[in-house]
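What follows is a single structure, written as structure tokens, with notes after it.
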Amino acid sequence: MTTTAGRPGRVAKLPPRERILDAAEELFRGEGIQRVGVQAIAEKAETTKMAIYRHFETKDALVAEWLRILAAEYQAAFDRVEAEHPGRPREQILGLARFIADGLPALSYRGCPFVNSLAELPDRSHPARQVIEEHKARQTRRLVGMCTEAGLPDPEQVAAQITFLLEGAQVSTQNGSIDRTGERLLRIVEALVGQ
């Protein structure tokens with residue numbers, strides 16, 4: 001008999017720190033950072049508040065670590081497209097657009113966790129907000145580099161346009177204002193990079 005590993009089976013096998021991060025991710029994505037308390041995370045992780053504070057000094061530190069993990073996943077997407085298309089920056093850019101387009105159908109009703117977190121964390125000195133700002137700056141630098149290598153005129157402007165498209169596609173998917181968002185996103189990016 002084949003069974004699928006659901007959340008309860010997975011939780012029991014994870015070390016405490018990973019259970020906490022897993023539970024926090026599920027709750028933060030589904031309910032938002034501000035609505036989720038440490039007690040709810042402890043219950044979902046099948047641990048105690050004290051255990052959470054042993055691994056993360058504050059809830060803010062836990063939020064920042066969750067966002068660092070998400071940022072690393074996006075940086076890995078950059079690494080993948082560079083490895084899959086060495087020396088072909090236009091294809092790399094399209095690969096990034098495809099990564100976003102492919103993820104749109106699975107985007108939760110709450111949308112992009114970075115955008116949502118920014119909305120919930122207006123204090124620019126919040127450690128999680130700093131993680132997001134550093135992540136977005138790193139993404140922009142990498143995208144400008146790809147646009148420069150592709151020989152696109154005004155690489156910073158093209159990178160800004162692509163960034164607006166990628167982030168706008170996620171918001172448009174979340175609010176349901178545009179149909180076939182992924183398909184449209186790819187067509188527009190293709191036109192921008194001359195494919």
Side-chain angles (χ1 to χ4, degrees), residues 7 17-45 49 52-53 55-78 96-144 156-186 188-189 192:
R7 184 173 198 297
R17 186 175 193 281
E18 303 311 312
R19 286 198 323 260
I20 293 164
L21 284 164
D22 185 67
E25 176 176 22
E26 184 176 328
L27 291 168
F28 293 155
R29 277 186 187 265
E31 298 176 33
I33 294 167
Q34 300 300 332
R35 290 192 61 206
V36 173
V38 174
Q39 183 61 42
I41 296 167
E43 290 170 8
K44 179 73 81 177
K49 285 169 66 172
I52 291 174
Y53 290 123
H55 292 281
F56 303 96
E57 189 174 305
T58 63
K59 178 185 169 188
D60 290 347
L62 174 56
V63 173
E65 183 60 20
W66 165 60
L67 290 168
R68 272 188 208 91
I69 291 167
L70 288 179
E73 292 172 6
Y74 278 81
Q75 292 306 314
F78 272 85
L96 289 174
R98 204 167 295 108
F99 166 74
I100 296 297
D102 290 348
L104 291 175
L107 200 64
S108 79
Y109 69 95
R110 292 214 4 103
C112 173
F114 295 112
V115 172
N116 291 340
S117 297
L118 285 172
E120 289 195 67
L121 305 170
D123 179 3
R124 293 190 77 124
S125 67
H126 191 287
R129 176 130 184 166
Q130 291 173 350
V131 169
I132 296 168
E133 289 175 5
E134 290 166 10
H135 163 64
K136 293 296 185 179
R138 190 170 39 252
Q139 270 191 321
T140 299
R141 284 191 304 274
R142 289 185 82 172
L143 188 53
V144 168
E156 289 184 8
Q157 179 64 24
V158 176
Q161 291 171 319
I162 292 169
T163 299
F164 294 155
L165 289 166
L166 299 178
E167 295 191 1
Q170 292 176 74
V171 172
S172 295
T173 297
Q174 179 187 4
N175 67 34
S177 63
I178 304 291
D179 65 340
R180 299 185 341 266
T181 313
E183 175 188 323
R184 292 173 193 265
L185 168 66
L186 290 173
I188 297 168
V189 173
L192 276 173

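In this text, all values refer to a predicted model and were calculated from it rather than measured experimentally.
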Handout entry: Check: Leu165 and Leu192 side chains under 4.5 Å, non-hydrogen atoms
Key = yes

Handout entry: Over all atoms of both residues, closest heavy-atom pair of Arg124 and Gln130
Key = O-CG, 3.7 Å

Problem - No-hydrogen, no-angle side-chain donor-acceptor test under 3.5 Å, Ser177 and Asn175 - result: yes

Practice task
Identify, with sequence neighbours excluded, every residue that meets salt bridge (Lys or Arg N to Asp or Glu O under 4.0 Å) alongside Glu65.
Solution key: Arg17, Arg68

Practice task
Starting at CD1 of Ile33, measure out to CG of Leu118 and round the result to the nearest 0.5 Å.
Solution key: 9.0 Å

Exercise for the section: Return the minimal non-hydrogen interatomic distance between Ala40 and Leu27, and the atom names on each side. Expected result: O-CD1, 3.7 Å

Problem - Residues Arg184, Ile178; criterion side chain to side chain contact (heavy atoms under 4.5 Å, CB included); working and verdict - result: CA-CA 9 Å; Arg184 292 173 193 265; Ile178 304 291; 3.6 Å; yes

Exercise for the section: Decide yes or no for Val63 and Phe56: does some side-chain heavy atom of the first lie under 4.5 Å from some side-chain heavy atom of the second? Expected result: no

Completion exercise
Scanning both residues in full, the closest heavy-atom pair of Asp60 with Pro127 reads CB-CG, 4.0 Å

Exercise for the section: Considering non-hydrogen atoms only, spot the tightest contact between Ser117 and Ile132 and give its length. Expected result: CB-CD1, 3.6 Å

Can you give the donor-acceptor pairs under 3.5 Å from side chains of residues 137-144 to other protein atoms, not counting sequence neighbours?
| from | atom 1 | to | atom 2 | distance (Å) |
| --- | --- | --- | --- | --- |
| Thr140 | OG1 | Lys136 | O | 2.9 |
| Arg142 | NH1 | Gln75 | O | 3.4 |
| Arg142 | NH1 | Gln75 | OE1 | 3.0 |
| Arg142 | NH1 | Asp79 | OD1 | 3.1 |
| Arg142 | NH2 | Asp79 | OD1 | 2.7 |
| Arg142 | NH2 | Glu82 | OE1 | 2.8 |

Practice task
Go through Glu18 and Asp22 one step at a time and tell me if the side chain to side chain contact (heavy atoms under 4.5 Å, CB included) criterion holds.
Solution key: CA-CA 6 Å; Glu18 303 311 312; Asp22 185 67; over 6 Å; no

Practice task
Mind checking the OG1-CD spacing from Thr163 to Glu156? Nearest 0.5 Å is all I need.
Solution key: 11.5 Å

Practice task
For Phe99, enumerate each residue passing the ring-ring contact (aromatic ring centres under 6.0 Å, His included) test, keeping only those at least two apart in sequence or located in another chain.
Solution key: Tyr74

Fill in the blank from the handout: Taking every heavy atom of Leu121 against every heavy atom of Gln34, the minimum-distance pair comes out as CD2-NE2, 3.6 Å

Problem - Non-hydrogen side-chain atoms of Arg129 and Asp123 separated by less than 4.5 Å - result: no

Handout entry: Close side-chain approach of Val38 and Tyr53, heavy atoms under 4.5 Å
Key = yes

Problem - Spacing of Asp179 atom CG and Thr173 atom OG1 [to the nearest 0.5 Å] - result: 10.5 Å

Handout entry: From CG (Leu62) to CD (Glu25), nearest 0.5 Å
Key = 11.0 Å

Completion exercise
Shortest non-hydrogen pair, Glu120 vs Gly32, comes out as OE2-CA, 3.2 Å

Completion exercise
d(Ile20 CD1, Trp66 CH2) to nearest 0.5 Å is 16.0 Å

